[in-house]
Each structure stands twice: as structure tokens, then as C-alpha cells.
Protein chains: 2
Amino acid sequence: MARAATTSDAFNAIAEPQRREILALLRAGERPVTDLAQELGMSQPGASKHLRVLREVGLVRVREAGKQRLYGLDARGLRPIHEWVGGFEQFWNESFDRLDTYVQDLKQTQQEE
Amino acid sequence: MARAATTSDAFNAIAEPQRREILALLRAGERPVTDLAQELGMSQPGASKHLRVLREVGLVRVREAGKQRLYGLDARGLRPIHEWVGGFEQFWNESFDRLDTYVQDLKQTQQEE
DNA sequence: TTGACGCATTCCGATATGGGAATATGATTG
DNA sequence: CAATCATATTCCCATATCGGAATGCGTCAA
């Protein structure tokens, strides 16, 4: 088997930096593709491809507006990620005083040898 | 270019479900490789490979303990992710009343035609 | 030393990627 | 209808993946 598809879930979709930038931009409101492409310095096909991925995982919605297609944010799919990561909050605070102490002890032990 | 390396940052590293499971398990404390492999139903080399990725992005630390290597959680690298995703919190609440409303309006409009 | 154990690495195959270039599609305008 | 604008899709390439199988390597016990 190979790596999971970027479209397999939001975790994979947001692993790509440019897609994160797109999402960030869309917080300001809906935007047409070319707009996004230009603002982020990517090609039009590039933007379209990233938007396709975001659409497939449901992080973005499209609305037809004449010639244009306006993409808008649908952040609901980010919530599970926030919750999963949040499950580690106590560990990036509390716990690591211990670990740092441990590391310092180690260094000191080595110096003493 | 191809897809970014899984080791390029924490976002990529946690895109893989099994690595997420490893991290979750490690909240309970340090564990040797074989332990993890067995508990998660993966092969030993499989576990080793995933742990390597997690180590390279700094989400995990190793400690030699005789024959064994004890892996421990270092969740600090998850904090930036939590913050980035958190930047969308207002959008998965507030904003989507509007969008849902919009969608309902659309449906109604179509029925009326 | 010889085994045995715990882990890491390497080699393989199948697969999916992101980017660039070219092209197709669809709606709008004249 | 023809031309044009806004997007999407397709093709191609270089690259990196995850998984399985086999193997390497360091540590400990007899």
C-alpha cells in the first residue's frame, strides 16, 4: 500500500502548506479561484487542484456565480482535529518539566563521567 | 515535485492514523517498541518506522534501557497545530449558521421553481 | 563464544503525490 | 455563432510513501 490519499480525511488535506494558506485566506470570505491563485503565488491549475482536495474532504464549498466559482470556508471538519490535538494539551505543559529535567540530568551525568 | 515528506513537519507526521494511535498510547507513559507494535496490531518493523518519523519531527523521544528502547511522548510539537486549527474555531460555530441558512434558502428556492 | 532477544534498516512493489504544460469545459459577451 | 474569460482536467515526471520480508546490529544471558 502507499501513502493515504490527501482526500482521505482533513488530517491529510491540511498536511499541505498551500492548502493551509488557502483555508486561512478564506476566513476573510468567499473568493474566486484566480484570486486565490494570484494572492498565494500559485498557478491557476495549482489552486484548482488544491481546492478540489479541500472540497472532497469538506473543508470548502463552492458556489457558482456566473463565470466564477466562489470558494468558501467550511471549517466544521477542523473541529475533530482540534479536539484530537487538544487531547494532548496537558502534555505539552505539565509533563515536560519532567522531561526537561530528565534531559538535564542526563547531560550532567555525562559530564561527570 | 512529489508530496512533502512525512518528516517535514508535525502536520505531515500526524496525517497517518497509526502514528496518531502511537501518540495516543504514549500518553500513558513510555513504552518499548514491541509493546506498541503488539498493542496496535502492527509489525515490529512497522512500528519502528512510524516511530522514526515521529522522532524526526520531535513528537517522540527515545531512551535506551538495556536491550530495549523506551519511546516517550513529546507533545510540544502539537501545540502549533492546535493553535493553527484553533484559529478557525469561530468559523465552525458562528459562521455556519449563516451557511446552513444559505443552503436551506437554496433548497427552498429550488422547490418553489 | 554462542544464542536469543529487541529493534532498526534495507529492499521491494504498488500507489499517490504536487508541479508544469497543455487542453478541455462552461458561462458570458458581442 | 465566435471569441473570451474563469475553471477544471489530463498527462507527464520525479519523488516519497506504507507494508511485507529479510537482514543487520547491539545487548544480555548461559
Side-chain angles (χ1 to χ4, degrees), chain A residues 1-23 25-26 29-73, chain B residues 1-23 25-26 29-73:
Chain A
M1 207 181 292
R3 196 164 171 183
T6 56
T7 53
S8 51
D9 59 34
F11 277 99
N12 279 279
I14 68 166
E16 156 69 54
Q18 311 212 61
R19 283 195 288 265
R20 264 176 271 148
E21 293 186 46
I22 290 179
L23 293 176
L25 255 184
L26 290 181
E30 294 179 323
R31 293 251 203 157
V33 177
T34 312
D35 237 58
L36 291 168
Q38 193 178 351
E39 185 119 359
L40 297 176
M42 52 179 110
S43 69
Q44 175 269 309
S48 273
K49 287 173 190 170
H50 284 312
L51 287 165
R52 182 160 161 56
V53 173
L54 292 172
R55 220 190 320 144
E56 290 193 31
V57 300
L59 289 174
V60 136
R61 299 207 191 167
V62 212
R63 185 163 68 88
E64 317 277 338
K67 260 195 268 197
Q68 307 189 132
R69 313 192 77 201
L70 297 178
Y71 280 86
L73 184 61
Chain B
M1 205 181 291
R3 197 167 173 182
T6 55
T7 53
S8 52
D9 60 30
F11 278 99
N12 280 278
I14 67 164
E16 157 67 54
Q18 311 212 61
R19 283 195 286 267
R20 265 177 269 146
E21 293 186 44
I22 290 179
L23 292 176
L25 256 185
L26 290 181
E30 295 178 321
R31 292 252 201 155
V33 177
T34 311
D35 237 58
L36 291 168
Q38 194 179 350
E39 185 118 0
L40 298 175
M42 52 179 110
S43 68
Q44 174 269 309
S48 274
K49 287 173 190 170
H50 284 312
L51 287 165
R52 181 157 160 60
V53 173
L54 292 172
R55 220 190 320 147
E56 289 192 33
V57 299
L59 288 174
V60 135
R61 299 207 192 167
V62 212
R63 184 164 68 90
E64 316 276 339
K67 261 193 269 196
Q68 306 189 134
R69 314 193 76 202
L70 297 179
Y71 280 87
L73 184 62

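Below, chains carry the letters A, B, ... as their sequence lines are ordered, and counting in each starts from 1.
- Among residues two or more places apart in sequence or in another chain, the side-chain contact (heavy atoms from CB on, under 4.5 Å) test is passed with A:Arg55 by A:Arg52, A:Val60, A:Val62, A:Tyr71.
- Note on residues 32-47 of chain A: pairs passing salt bridge (charged side-chain N to carboxylate O under 4.0 Å, His left out), not counting sequence neighbours, are A:Arg31-A:Asp35, A:Arg31-A:Glu39.
- In this structure A:Ala4 satisfies the side-chain contact (heavy atoms from CB on, under 4.5 Å) test together with A:Ser8, A:Asn12, sequence neighbours excluded.
- A:Leu40 has its CG atom 12 Å from the P atom of C:dG19, to the nearest Å.
- A:Gln44 pairs by the side-chain hydrogen bond (donor to acceptor under 3.5 Å, both in side chains) definition with A:Ser48, not counting sequence neighbours.
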Distances under 3.5 Å between nitrogen or oxygen atoms of protein and nucleotides 15-17 of chain C:
| unit_1 | atom_1 | unit_2 | atom_2 | d |
| --- | --- | --- | --- | --- |
| C:dT17 | OP1 | A:Thr6 | N | 3.2 |
| C:dT17 | OP1 | A:Thr6 | OG1 | 3.1 |

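- Sequence neighbours left out, the pairs with a member in residues 1-10 of chain B that pass salt bridge (charged side-chain N to carboxylate O under 4.0 Å, His left out) are A:Arg20-B:Asp9.
- For B:Gln38, the side-chain contact (heavy atoms from CB on, under 4.5 Å) criterion is met by no residue, not counting sequence neighbours.
- Residues satisfying the side-chain hydrogen bond (donor to acceptor under 3.5 Å, both in side chains) test with B:Thr7, not counting sequence neighbours, are none.
- In terms of modelled atom types and a separation under 3.5 Å, the side chain of A:Glu16 and the main chain of A:Gln18 share a donor-acceptor contact.
- Between A:Asn12 and A:Ala65, the one whose closest nucleotide on DNA chain C sits nearer the 5' end is A:Asn12.
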Sugar-phosphate atoms are those with a prime plus P, OP1 and OP2; base atoms are the rest. Using that split, label each nucleotide of nucleotides 7-12 of chain C B, S or - for protein heavy atoms under 4.0 Å, 5' to 3'. BBBB--
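- Nucleotide D:dA8 holds its P atom 13 Å from the CE atom of A:Met42, rounded to whole Å.
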